[in-house]
Participant: 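Attaching a single structure in structure tokens format; questions to follow.
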Amino acid sequence: MTTADWPPAAPLPPRPEDGHKGTFGTVLVIGGCDDAESCMVGGPAFAAMGALRAGAGRAVLAVPRTILTACLEVTPSATGLPLPAEASAAVDCVREMMPQVQSVVIGPGLGTSETARALVEAIVTTSVGPAVVLDADGLNLFAGQGKSMSAVEVPMVVTPHPGEYDRLASSLDLPKAPRTPEARTEAAAALSEALHVVAVLKGPGTVVAEAGKNWTCQRGSVALATGGSGDVLAGIIGGLLAQGVMADSSSAWDLAAWGTWIHAVSGEQWASQHGSSGLLAAELAAEVPGVMASLPRA
């Protein structure tokens, strides 16, 4: 595998031979919904799967109690944290869990209920806590109150696709609908600067930006244009962040860049055997360990 297009990032966190699951961190995935408007199970389950395939020692699915069993059937290697339906009780449940985890992925399949909104607000306004990946519905819920996020003091990665970026851009008075590679780079950099986060602007040529540093991923396949692909990416980044926290190595930008590259090349690997369509999220996640096997580690 060529190294020419690797991100200009520090090596991945180490994998000591005497390590155990506690060595490699815990990822808390907050997502899923079951209400009158929709029922979403796959998003959080695939994010947990991505985190585990990227090497996290443990993934915990914090989802509504009514769908927890279904989520665990998709990803039985995860464990479950059933969330109450009432907003304040759900927030209390998550806050009790936070000291036990090294990263949080919030948003996959979360929906837009008042409980979902309260969970996002609780995570993005915390002053001390684990590293955070804000994705999917987490971004949509946040878009209306984006400027408050600049006060967040924990490492945070936001992973918008173009539509989610436009909603954030409207909230933050940033240019909308960047289409050219140059405009996408500028947009990711502006989003990162406005929110003081690592921005991963997804799409062909995903851009990873933070504080004057940006990199565009040139790898990938159209096979990745499928449901659940972004959830796997959020989980991969969350899994790498958890390991980075445990090892005290690599910045959030480094790990977001590696996660983006791993996700893109995993899609390529699948497409090389199966073609450009029909990729399932679980199949994408299954490619991740093989892609990571030859990557440098601290």
Side-chain angles (χ1 to χ4, degrees), residues 4-12 50 54 103-107 123-124 131-136 138-140 142-143 145-220 224 229-241 244-245 249-265 267 295:
D5 56 7
W6 281 358
L12 292 170
S103 71
V104 175
V105 177
I106 180 166
I123 294 298
V124 302
V132 175
V133 181
L134 187 63
D135 184 52
L139 292 164
N140 294 329
F142 175 73
Q145 51 184 350
K147 292 183 179 179
S148 67
M149 189 176 177
S150 62
V152 171
E153 298 175 12
V154 297
M156 186 172 291
V157 180
V158 298
T159 56
H161 61 50
E164 291 159 349
Y165 167 82
D166 280 351
R167 287 187 279 277
L168 287 167
S170 293
S171 172
L172 298 166
D173 299 322
L174 299 177
K176 294 177 66 176
R179 294 288 183 263
T180 67
E182 294 79 9
R184 284 174 48 79
T185 298
E186 292 172 2
L191 181 61
S192 172
E193 182 177 357
L195 300 180
H196 301 178
V197 298
V198 177
V200 178
L201 181 54
K202 297 186 291 194
T206 294
V207 182
V208 184
E210 179 191 41
K213 177 169 57 176
N214 62 73
W215 168 74
T216 300
C217 182
Q218 303 296 342
R219 303 294 293 267
L224 290 165
S229 174
D231 303 316
V232 174
L233 172 60
I236 292 170
I237 296 173
L240 295 178
L241 286 171
V245 169
S249 70
S250 307
S251 69
W253 187 92
D254 293 330
L255 297 171
W258 277 120
T260 298
W261 190 91
I262 291 163
H263 176 264
V265 176
L295 298 182

Participant: From Thr206 OG1 over to Gln218 CD, what is the distance, rounded to the nearest 0.5 angstrom?
Facilitator: 10.0 Å
Participant: Do any N or O atoms from the side chain of Ser103 and from the backbone of Val132 form a donor-acceptor pair under 3.5 angstrom?
Facilitator: no
Participant: Shortest non-hydrogen contact from Glu210 to Ser192?
Facilitator: CA-OG, 3.1 Å
Participant: Determine, step by step, whether Leu240 and Ile262 satisfy the side-chain contact (heavy atoms from CB on, under 4.5 Å) criterion, reporting the C-alpha distance in whole Å, the side-chain angles of both residues, the deciding distance to 0.1 Å, and the verdict.
Facilitator: CA-CA 11 Å; Leu240 295 178; Ile262 291 163; 4.2 Å; yes
Participant: Could you state the interatomic distance from CG (Leu255) to CG (Leu12), rounded to the nearest 0.5 Å?
Facilitator: 7.0 Å
Participant: For Phe142 and Ile106, what are the C-alpha separation, side-chain angles and deciding distance, and is it a side-chain contact (heavy atoms from CB on, under 4.5 Å)?
Facilitator: CA-CA 11 Å; Phe142 175 73; Ile106 180 166; over 6 Å; no
Participant: Could you please spell out the steps behind the side-chain contact (heavy atoms from CB on, under 4.5 Å) verdict for Arg167 and Leu139?
Facilitator: CA-CA 8 Å; Arg167 287 187 279 277; Leu139 292 164; over 6 Å; no
Participant: Write down the atom of Ala187, the atom of Tyr165, and the distance for their closest heavy-atom approach.
Facilitator: CB-OH, 3.4 Å
Participant: Pick from His161, His263, Lys202: which one makes a side chain to side chain donor-acceptor pair (under 3.5 Å) with Ser229?
Facilitator: His263
Participant: Is it true that a side-chain atom of Asp166 and a backbone atom of Ala177 form a donor plus acceptor pair closer than 3.5 Å?
Facilitator: yes
Participant: Where do Val105 and Gly238 come nearest, in terms of heavy atoms and distance?
Facilitator: CG2-CA, 4.0 Å
Participant: Ignoring hydrogens, what is the shortest heavy-atom contact between Ala143 and Leu168? Give both atom names and the distance.
Facilitator: CA-CD2, 4.0 Å
Participant: Given 3.5 Å as the limit, does a donor-acceptor pair link the side chain of Arg219 with the main chain of Asp5, or not?
Facilitator: no
Participant: For the OG1 atom of Thr180 and the CD atom of Glu186, what is their distance to the nearest 0.5 Å?
Facilitator: 7.0 Å
Participant: Working to the nearest 0.5 angstrom, can you tell me the gap between Glu164 CD and Leu201 CG?
Facilitator: 10.0 Å
Participant: Give the minimum heavy-atom separation between Ala199 and Leu191, together with the two atoms involved.
Facilitator: CB-CD2, 4.1 Å
Participant: Any sub-3.5 Å donor-acceptor pair from Ser250's side-chain atoms to Pro11's backbone N or O?
Facilitator: yes
Participant: Please report the interatomic distance CD1(Ile237) to CG(Asp135), rounded to the nearest 0.5 Å.
Facilitator: 8.5 Å
Participant: Can you tell me how far CH2 of Trp6 sits from SG of Cys217, rounded to the nearest 0.5 angstrom?
Facilitator: 13.5 Å
Participant: Of the non-hydrogen atoms in Leu172 and Ala194, which two are nearest, and what is the gap between them?
Facilitator: CD1-CB, 4.3 Å
